[in-house]
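Input: a single structure, listed below in structure tokens.
Letters A, B, ... mirror the listed sequences (proteins, then strands); counts begin at 1. Note that the structure is predicted; figures quoted are calculated from it, not measured.
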2 protein chains.
Amino acid sequence: MNAPISDQYRIETEPLDMPPRLLLGPGPSNVHPRALQAMSTAPVGHLDPSFVAVMDEVQDLLRYLWQTENELTLPISGTGSAGMEAALANVVEPGDVVLVGIAGYFGQRLVEMARRYGADVRCVEKAWGEVFSLDELRQALEEQRPAVLALVQGETSSGACQPLEGVGDLCHEHDCLLLVDAVASLGGAPFFADEWGVDVAYSGSQKCLSCPPGLAPLSLSPRAVAKVEGRDTPVANWYLDLTLLAQYWGEQPDGGRKYHHTAPINMNYALRECLRLIAAEGLEAAWKRHRESAELLWDGLGELGLECHVPREHRLPSLTTVRVPQGVNPQEVTTTLLQDHNIEIANGLGQLAGKVWRVGLMGYNSRPDNVLRLLDALGRVLDR
Amino acid sequence: MNAPISDQYRIETEPLDMPPRLLLGPGPSNVHPRALQAMSTAPVGHLDPSFVAVMDEVQDLLRYLWQTENELTLPISGTGSAGMEAALANVVEPGDVVLVGIAGYFGQRLVEMARRYGADVRCVEKAWGEVFSLDELRQALEEQRPAVLALVQGETSSGACQPLEGVGDLCHEHDCLLLVDAVASLGGAPFFADEWGVDVAYSGSQKCLSCPPGLAPLSLSPRAVAKVEGRDTPVANWYLDLTLLAQYWGEQPDGGRKYHHTAPINMNYALRECLRLIAAEGLEAAWKRHRESAELLWDGLGELGLECHVPREHRLPSLTTVRVPQGVNPQEVTTTLLQDHNIEIANGLGQLAGKVWRVGLMGYNSRPDNVLRLLDALGRVLDR
């Protein structure tokens with residue numbers, strides 16, 4: 001009855017044998033061993049009472065991480081880009097004016113995604129490595145009158161950290177929601193969703209949270225939820241529809257949960273463990289550790305005669321852009337670091353391609369021993 | 001400069017301690033220990049040459065699994081529902097007539113998703129547990145003249161297995177693409193993408209592949225790729241845009257890969273290991289094992305005086321719907337099995353709510369010892 005089975009692609013493979021990399025690029029970063037261990041726990045069902053308890057704990061610990069009381073706080077079942085897409089798909093309706101602050105690659109991605117959801121996208125732009133001032137944002141809000149202002153807190157393409165204090169108030173004065181990309185910053189730099197008036201925020205599991213890629217923490221303020229609930233058109237994305245997701249992640253009137261999709265159970269085990277580690281360390285200590293590792297890196301780069309691309313006051317603690325010295329081939333350096341030293345750093349992107357390297361010190365990796373190991377290897381490769 | 005940190009949600013938690021469930025519901029199923037081990041390998045970067053090699057192997061082994069030479073064969077970075085959404089988002093353009101065969105819950109989900117992408121959805125319906133004949137499909141194709149026919153091979157809500165031999169030819173005679181949901185069947189029942197002329201097929205990692213939830217194998221025929229390439233409108237979903245994904249999963253003219261999103265590295269480690277296990281066992285042996293376990297279950301259910309909902313010739317080997325006997329409270333039985341025996345089976349959904357239980361024998365779980373353990377526990381709980 002059946003066709004003959006083809007063995008054309010039944011290839012011979014060896015057991016997995018991956019090199020022991022130190023991941024000091026823009027992410028993923030190395031995963032905390034306790035997270036790898038938790039992730040390898042045998043899964044239960046996605047509606048098992050024991051998994052519902054895990055979900056509740058993950059949501060509470062995410063509220064601590066975001067510094068928010070937002071009820072709609074959950075991990076999206078995809079990587080950071082799925083978090084960005086969930087944010088835009090739900091709060092943007094066709095025809096909405098969305099103002100995007102572009103000072104790097106991820107600002108550009110916000111533009112591309114928002115357009116796919118029918119937004120009337122307007123942009124304010126800065127050179128990659130600069131940040132927007134409150135006055136610049138106020139002027140843009142007054143000129144464009146957007147429904148949503150989208151900013152990237154931690155631009156891994158530029159190494160800049162966009163200040164957010166006061167931006168929420170400014171947005172709300174202009175009847176606008178504030179949407180923030182915190183993929184590369186959450187857990188590594190201060191974030192106060194409620195205090196700063198951030199309405200929509202998303203991140204990724206694989207950067208400052210020391211978890212594998214595959215989940216995207218997301219949080220929506222009551223103001224953002226009201227916009228979602230008041231939509232005239234259905235969300236054009238079923239998998240990321242927050243109204244459906246909230247019925248699975250929140251208790252229903254019958255006390256149960258409404259099935260939407262099968263959550264990535266083991267990824268949630270890993271995320272829970274990473275959030276426990278952050279709660280045990282404390283946010284203040286985690287932010288201080290990221291800051292101190294970064295300063296150790298910046299000072300050490302200076303001693304090697306290398307310059308950072310971003311002025312010190314606007315540098316992201318979790319990712320540093322380092323200028324490539326005259327006469328040096330940047331690709332040769334990243335390749336040698338990877339092949340000879342098992343250290344991953346990244347080349348520049350877009351405007352900064354060929355001009356900078358990108359060095360990440362994220363989560364579990366943000367430690368003095370890793371900084372010293374990189375500085376030593378970089379000194380050898382550059383012969384300095 | 002910073003607001004005070006709130007410890008409101010800095011909850012105390014214990015180390016992860018999950019019950020040792022035997023997962024005999026509609027999925028997730030238990031994960032093969034070798035997959036859990038591979039998944040806990042420390043990750044490398046998503047553009048690391050060693051990860052690119054993993055991607056290539058995963059793609060080849062997926063081609064074996066799908067029995068296809070399709071170049072565009074890759075795992076989507078989300079669960080099975082993300083696979084469904086990727087399939088529809090890419091091949092459906094606004095206004096396209098999409099004909100959906102509905103004989104269960106996942107047929108209905110196809111309708112809901114296709115509508116969100118602007119499809120003009122037409123339906124053919126059957127009672128849950130029945131399948132469509134070639135004549136019925138021919139008649140519907142002639143009447144509706146769709147651009148896409150969408151069918152569910154393995155309906156976990158009904159337990160029926162939709163025959164697919166000849167359906168592709170029928171579709172192509174009517175200038176129509178054949179889209180197939182194989183979430184609950186791939187690896188557990190015969191599937192011949194090329195031989196059957198399936199143009200778009202997707203599955204999930206967490207059922208017959210014995211892998212955790214979080215990836216969705218997808219394959220597109222050259223005919224489907226031509227439709228995607230000929231679109232007038234951009235795909236309304238950035239994360240699942242196959243044109244962008246193909247630039248990451250396929251070698252580019254410069255020999256490298258183009259960054260799209262950060263792939264879930266550790267999930268791909270797990271999937272690779274599960275695909276290696278299937279290649280080692282061989283598809284024919286895996287299908288036979290699923291069939292034999294199912295027959296052992298069906299015979300044993302008969303001995304307990306229980307009836308299967310689907311006629312034997314159309315039963316899915318990976319999921320069986322069992323009729324709830326008169327006077328028995330189905331929820332009490334599933335709860336007792338879970339609490340006292342650590343065995344998960346599921347209640348009925350939709351049309352079959354309260355009428356059936358759903359018993360899965362998927363992947364690694366499809367073994368005689370599991371069947372006997374369930375039959376013994378079910379006999380005790382039902383006092384038979």
Side-chain angles (χ1 to χ4, degrees), chain A residues 2-3 5-6 9-11 13 16 18-19 21 23 25 27-28 30-31 36-45 50 57 60-61 63-64 67 77-79 81-82 85 112-113 116 190 192 195 206 212-214 234 236-239 261-262 264-267 269 272-273 276 279 283-284 344, chain B residues 2-3 5-6 9-11 13 16 18-19 21 23 25 27-28 30-31 36-45 50 57 60-61 63-64 67 77-79 81-82 85 112-113 116 190 192 195 206 212-214 234 236-239 261-262 264-267 269 272-273 276 279 283-284 344:
Chain A
N2 287 326
I5 293 173
S6 161
Y9 290 102
R10 191 179 176 183
I11 58 168
T13 52
L16 195 68
M18 305 306 289
R21 304 293 198 212
L23 301 176
N30 289 86
V31 174
L36 290 173
Q37 195 181 1
M39 188 171 51
S40 67
T41 304
V44 298
S50 64
E57 289 172 338
D60 271 348
L61 291 167
R63 290 184 186 107
Y64 172 64
Q67 287 289 293
S77 301
T79 56
S81 300
E85 188 131 19
E112 191 179 343
M113 272 194 200
R116 295 198 189 208
F192 293 93
E195 176 70 23
Q206 79 278 13
N237 189 314
W238 186 92
Y239 188 64
H261 71 277
T262 304
I265 309 288
N266 298 67
M267 279 300 308
Y269 289 173
R272 178 182 180 280
E273 195 62 22
R276 291 181 75 230
L283 280 175
E284 191 160 22
E344 177 181 90
Chain B
N2 287 326
I5 293 173
S6 160
Y9 290 102
R10 192 179 175 182
I11 58 168
T13 52
L16 195 68
M18 305 306 288
R21 304 293 198 211
L23 301 176
N30 289 87
V31 175
L36 290 173
Q37 194 180 3
M39 188 171 50
S40 67
T41 304
V44 299
S50 64
E57 289 172 338
D60 272 348
L61 290 168
R63 290 183 186 108
Y64 172 62
Q67 286 290 294
S77 301
T79 57
S81 300
E85 187 131 18
E112 191 179 343
M113 271 194 203
R116 295 196 188 208
F192 293 94
E195 176 69 22
Q206 79 278 13
N237 189 316
W238 186 91
Y239 188 64
H261 71 276
T262 304
I265 309 290
N266 297 68
M267 279 298 310
Y269 289 172
R272 177 182 181 280
E273 195 62 22
R276 292 181 74 231
L283 279 176
E284 191 159 24
E344 178 182 89

> What option among B/A82, B/A42, B/G78, B/A38 has the most heavy-atom pairs under 4.5 Å with chain A?
Replying inline: B/A82
> Ignoring hydrogens and geometry, is there a side-chain-to-backbone donor-acceptor pair from B/Q67 to A/S6 under 3.5 Å?
Replying inline: yes
> Does a side-chain heavy-atom distance below 4.5 Å link A/I265 with B/P212?
Replying inline: no
> Are the side chain of B/R21 and the backbone of A/G45 linked by a donor-acceptor contact shorter than 3.5 Å?
Replying inline: no
> Where is the tightest heavy-atom contact between A/S81 and B/Y239, given as atom of each residue plus distance?
Replying inline: CB-CD1, 3.9 Å
>> For the interface with chain A, which of B/P234, B/G25, B/P28, B/G27 has the highest count of heavy-atom pairs at distances below 4.5 Å?
In response: B/P28
>> If I measure from the heavy atoms of chain B, does A/E284 come under 4.5 Å with its side chain, its backbone, both, or neither?
In response: both
> Out of A/T41, A/I5, A/V31, which one racks up the most heavy-atom pairs below 4.5 Å with chain B?
Replying inline: A/I5
> Do you know which of A/Q206, A/E195, A/M39, A/E273 has the most heavy-atom pairs under 4.5 Å to chain B?
Replying inline: A/M39
>> Tell me if a side-chain donor or acceptor on B/R10 pairs with a main-chain N or O of A/A279 at a distance below 3.5 Å.
In response: yes
> Would you say B/Y269's side chain and A/M18's backbone share a donor-acceptor pair under 3.5 angstrom?
Replying inline: no
> A/E85 side chain to B/W238 main-chain N or O, any donor-acceptor pair under 3.5 Å?
Replying inline: yes
> Nearest 0.5 Å, what's the CZ-CD1 distance between B/R276 and A/I11?
Replying inline: 9.5 Å
>> With a 4.5 angstrom heavy-atom cut-off, is it the side chain or the backbone of B/L16 that approaches chain A, or both, or neither?
In response: both
> Nearest heavy-atom pair of A/N237 and B/R116: which atoms, and what distance?
Replying inline: O-NH1, 3.7 Å
> With a 4.5 Å heavy-atom cut-off, do A/P43 and B/N30 have their side chains touching?
Replying inline: no
>> Need one label for B/S77: side chain, backbone, both or neither, based on atoms under 4.5 Å from any heavy atom in chain A.
In response: backbone
> So which part of B/E57 gets closer than 4.5 Å to some heavy atom of chain A, the side chain, the backbone, both or neither?
Replying inline: both
>> Quick check on A/L23 against chain B: is it the side chain, the backbone, both or neither that has a heavy atom closer than 4.5 Å?
In response: side chain
>> Please classify the contact of A/Q37 with chain B as side chain, backbone, both or neither, using a heavy-atom distance under 4.5 Å.
In response: neither
>> If you compare all heavy atoms of A/Y64 against all heavy atoms of B/Y9, which two are closest, and at what distance to 0.1 Å?
In response: CB-O, 3.5 Å
> So which heavy atom on B/G214 is nearest to which on A/P264, and how close?
Replying inline: CA-CB, 4.2 Å
>> For a 4.5 angstrom cut-off between non-hydrogen side-chain atoms, does A/T13 reach B/R272?
In response: yes
>> When you compare the side chain of B/L36 with that of A/N266, does any pair of heavy atoms fall below 4.5 Å?
In response: yes
